[in-house]
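Below: the structure, in structure tokens.
No hydrogens, no waters, no symmetry mates; every other heavy atom, side chains included, goes into these values.
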Amino acid sequence: MGTIAIVSAILTLLAGIGIFLVACQMMSSNLESASSNKLKSLFAKASKSKLLGVGIGTVGTAAIQSSGATTVMTIGFVNAGIISLTQAATIIYGANIGTTVTAQIVALGMFGKNALSTTVIFSAFAGIGAAIATFAKKTSTKTLGGILTGFGMLFVGLSLMSGSMEEFAAMHGVKTFLARISNPLLLVLIGTLLTAIIQSSSVMTSIALAMCVTGLISLDQGIFLTMGSNIGSCVVAIIAGVTSGTNARRTALIHLLFNCAGVIVFLIIGWLLFILSGNTLSFGTMFESMFPEAPQTQLAMFHTFFNVLTVMFMLPLTDTLVHLVTGMVKDKDDVEEALRLRYVDDNMLQAPPLAVAQTKREIIRMAGLSMDNFDRAIEIISTQDFSGKEAFDRTEEEINFINRSLVNFVVKLSDRRGLGGHDKLYLSTVYRTVRDIERIGDYAENITEYAEALAKEGDRFSEEALYEISQLKVLVHSLYDKAMSAYNREDLDELGQADVIEEQIDDFTKGMEDSHIERMGKGICNSNVGAHYMELSSDTERIADHLINVAKTIRQIHKALI
């Protein structure tokens with residue numbers, strides 16, 4: 001009977017953990033979807049203010065109920081060069097505070113054992129939310145249903161975990177065994193290892209809460225397990241950092257050192273309290289006196305107290321911590337890190353709405369690189385100076401790399417949950433947009449080939465032709481500015497202005513053909529020069545077509561949303 005009871009308790013615990021993890025994921029993805037615009041705005045405000053960074057991390061994590069997602073997202077931002085290491089550190093500090101919200105919610109659900117318990121009441125939200133998500137037609141209503149379902153399932157999982165703990169508590173041998181584990185360092189290590197395996201500090205903290213409530217372990221034991229869970233939660237960040245750039249690895253190390261420092265400081269404080277009080281005072285006895293007869297609140301409040309105090313201790317030392325990890329993780333060679341996406345990486349898949357915003361930034365950067373090569377190509381063919389050809393080739397290689405890599409990223413991003421209707425529509429336009437921009441680079445490459453052919457024959461464009469080319473370049477840049485501004489801001493008025501400039505370019509290139517024929521008749525240009533001049537005019541007109549195609553995607557999105 002004893003063996004059957006143990007197996008039953010273990011299976012119940014595993015079931016509870018599974019449901020709890022699924023609930024966390026469901027809540028996180030739906031909350032993230034519901035607050036996508038606010039999240040974008042929130043993370044866009046990351047600045048040099050350390051307190052603002054802490055606030056962003058706290059509110060962001062509380063909003064999406066996942067410190068892991070916030071941390072991984074932050075690593076992605078650092079890797080993309082969007083925020084500094086100092087800003088990343090403060091956001092991670094805040095994420096540690098924000099994650100304590102889950103423990104407080106779980107503790108709230110453990111009240112009411114004799115009457116109708118809050119666990120039962122909150123669990124009912126799973127059924128209510130599922131009904132809403134099933135029968136609702138609006139996306140926003142379905143998202144609300146998903147949030148309620150996840151919230152309810154959180155307590156279903158908690159109920160199963162608590163039930164398993166009650167079964168363990170009834171086993172004298174189990175209680176005796178656990179009572180012997182009193183060494184704080186060993187308990188911290190156990191908490192670290194279990195959290196690393198589960199990859200969720202929320203689950204570990206909830207298990208510790210359930211064990212305390214059922215009397216399976218003491219409050220002090222639960223406190224040390226919870227402290228260990230903070231260290232174990234770094235595993236997600238470490239995995240994300242190892243597969244990313246140098247600054248991403250530094251950010252993961254900051255997370256680890258920060259959490260370890262907090263645990264070490266509290267272990268020392270706890271030891272001093274115990275020694276100086278004559279073995280009578282501990283964190284457990286302090287919180288028991290502050291929140292009597294409520295072990296769940298005692299542990300949840302310690303969890304919050306621990307993280308807030310650790311942030312207060314580490315915040316003034318942030319610059320020192322950043323300097324330390326910078327020395328520990330050295331910079332790589334520039335060549336090794338040259339070809340990479342600057343604004344997105346796979347870590348950002350944890351936050352789909354933000355990843356969409358960063359995808360647009362990557363596309364705008366790609367368009368800028370293509371225009372840089374257009375400028376180099378015009379300079380080369382106008383001056384016959386090929387000193388910029390090496391830079392041109394490097395940029396062309398980078399454009400091709402972005403074309404391939406960004407499409408692969410968007411394929412993965414499109415399959416993620418938590419994307420709103422606008423974001424899905426935008427992602428559907430990305431494939432053609434990236435192709436349009438890549439073609440701009442190809443036409444610029446054609447122009448450099450015309451320059452090489454002219455140089456080989458010892459030919460040059462006439463002064464009149466060069467003047468027309470310079471005027472065409474000005475028009476193309478005017479179109480680029482308007483088109484990309486319209487694309488970035490989704491401004492239909494600016495798109496209309498871009499359309500006007502594109503028509504001017506069409507007219508201008510036709511005028512170039514007429515002028516060229518006139519020069520040919522006067523003997524100013526020979527047939528070889530004329531052929532390349534006409535090709536340059538045609539290719540530039542196509543560049544303008546691709547630029548306006550990029551801008552026109554906002555019209556497609558606008559029509560689809562009406």
Side-chain angles (χ1 to χ4, degrees), residues 342-343 357 359-382 392 395-404 406-407 410 425-450 468-513 533-559:
R342 300 301 169 91
Y343 294 108
T359 297
K360 178 178 282 189
R361 294 188 68 179
E362 195 73 60
I363 287 173
I364 292 171
R365 184 177 83 90
M366 182 185 181
L369 291 172
S370 295
M371 285 303 293
D372 287 343
N373 262 9
F374 170 70
D375 289 344
R376 291 189 183 103
I378 294 298
E379 178 69 16
I380 289 170
I381 201 167
S382 299
F392 181 97
T395 302
E396 174 63 15
E397 183 182 7
E398 188 169 9
I399 292 168
N400 291 335
F401 172 82
I402 295 172
N403 178 37
R404 296 189 303 271
L406 194 56
V407 167
V410 171
L425 284 170
Y426 172 75
L427 289 178
S428 70
T429 69
V430 166
Y431 306 103
R432 183 175 177 180
T433 297
V434 171
R435 178 60 179 164
D436 277 317
I437 295 172
E438 194 269 339
R439 291 296 294 149
I440 293 171
D442 290 344
Y443 284 123
E445 190 171 23
N446 289 347
I447 294 172
T448 64
E449 291 172 358
Y450 306 151
E468 290 172 354
I469 290 171
S470 68
Q471 293 299 104
L472 179 60
K473 177 183 173 184
V474 171
L475 280 173
V476 171
H477 268 279
S478 296
L479 173 60
Y480 167 75
D481 292 339
K482 283 296 178 185
M484 297 315 297
S485 179
Y487 179 77
N488 185 33
R489 298 165 55 190
E490 298 191 7
D491 189 324
L492 292 175
D493 289 337
E494 287 197 296
L495 174 57
Q497 296 172 38
D499 275 327
V500 171
I501 299 173
E502 196 271 334
E503 290 175 3
Q504 291 174 352
I505 291 173
D506 287 345
D507 293 338
F508 191 86
T509 53
K510 290 176 183 176
M512 288 175 69
E513 293 177 10
Y533 183 79
M534 298 289 277
E535 289 168 333
L536 180 148
S537 171
S538 176
D539 285 350
T540 306
E541 191 270 333
R542 289 171 184 168
I543 286 174
D545 289 342
H546 287 296
L547 283 172
I548 203 67
N549 285 344
V550 172
K552 283 180 178 178
T553 58
I554 68 169
R555 188 175 288 154
Q556 299 172 24
I557 296 171
H558 181 74
K559 287 181 178 179

Practice task
Test side chain to side chain contact (heavy atoms under 4.5 Å, CB included) on Arg342 and Arg361 and set out the steps.
Solution key: CA-CA 9 Å; Arg342 300 301 169 91; Arg361 294 188 68 179; over 6 Å; no

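- Taking CE of Met371 as the reference point, atom NZ of Lys473 lies at 8.5 Å (rounded to 0.5 Å).
- Atom OG of Ser370 is separated from atom CZ of Arg365 by 10.5 Å, given to the nearest 0.5 angstrom.
- Atoms CG and CG, on Leu536 and Leu472 in that order, are 7.0 Å from each other to the nearest 0.5 Å.
- The cationic atom of Arg439 (NZ for Lys, CZ for Arg) lies less than 6.0 Å from the six-membered ring centre of Tyr443 and within 45° of the ring axis.
- In this structure, Arg376 does not pair ionically with Glu379, as no charged nitrogen and carboxylate oxygen lie closer than 4.0 Å.
- In this structure, Ile469 and Tyr533 have side chains that are in contact, with non-hydrogen atoms separated by less than 4.5 Å.
- The two residues Val550 and Met484 make their nearest non-hydrogen contact at CG1-SD, 4.2 Å.
- Listed by chain and residue number, nothing satisfies the salt bridge (Lys or Arg N to Asp or Glu O under 4.0 Å) test with Glu445 (two or more places apart in sequence, or in another chain).
- Put simply, the side chain of Thr509 gets close to the backbone of Ile505: a donor and an acceptor are under 3.5 Å apart.
- By the 4.5 Å heavy-atom criterion applied to side chains, Asn549 and Arg432 are counted as neighbours.
- Scanning both residues, Ile402 and Met366, for their nearest heavy atoms gives CG2-SD, 3.7 Å.
- Of all heavy-atom pairs spanning Asp491 and Asp493, the tightest one is OD1-N, 2.9 Å.
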Problem - Chi angles and distances behind the side chain to side chain contact (heavy atoms under 4.5 Å, CB included) call for Ile440, Ile399 - result: CA-CA 10 Å; Ile440 293 171; Ile399 292 168; over 6 Å; no

Practice task
Determine, step by step, whether Asn400 and Arg404 satisfy the side chain to side chain contact (heavy atoms under 4.5 Å, CB included) criterion, reporting the C-alpha distance in whole Å, the side-chain angles of both residues, the deciding distance to 0.1 Å, and the verdict.
Solution key: CA-CA 6 Å; Asn400 291 335; Arg404 296 189 303 271; 3.8 Å; yes

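- Annotation: the span from Ile363 atom CD1 to Ile437 atom CD1 amounts to 6.0 Å, rounded to 0.5 Å.
- Legend: salt bridge (Lys or Arg N to Asp or Glu O under 4.0 Å) pairs involving residues 541-551, not counting sequence neighbours, sorted by first then second residue: Asp539-Arg542.
- Rounding to the nearest 0.5 Å gives a distance of 9.5 Å between CD of Glu502 and CG of Asp507.
- Not counting sequence neighbours, Tyr480 has no partner by the side-chain hydrogen bond (donor to acceptor under 3.5 Å, both in side chains) test.
- Here the side chain of Glu362 pairs a donor or acceptor atom with the backbone of Tyr343 at under 3.5 angstrom.
- Side-chain atoms of Asp375 and His477, non-hydrogen and from C-beta on, do get closer than 4.5 Å to each other.
- Of all non-hydrogen atoms in Ala444 and Ala377, the two that sit nearest each other are O-CB, 3.3 Å.
- One finds the CD atom of Gln556 at 9.5 Å from the CG atom of Leu425 (value rounded to the nearest 0.5 Å).
- A salt bridge between Asp499 and Arg555 is present, with a side-chain N of the basic residue lying under 4.0 Å from a carboxylate O of the acidic one.
- When all heavy atoms of Tyr487 and Lys360 are compared, the pair lying nearest together is O-NZ, 3.3 Å.
- Side-chain contact check for Thr540 versus Ile447: some heavy-atom pair is nearer than 4.5 Å.
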Exercise for the section: Starting from the C-alpha separation in whole Å, work towards a yes-or-no answer on side chain to side chain contact (heavy atoms under 4.5 Å, CB included) for Tyr426 and Thr553. Expected result: CA-CA 8 Å; Tyr426 172 75; Thr553 58; 5.8 Å; no

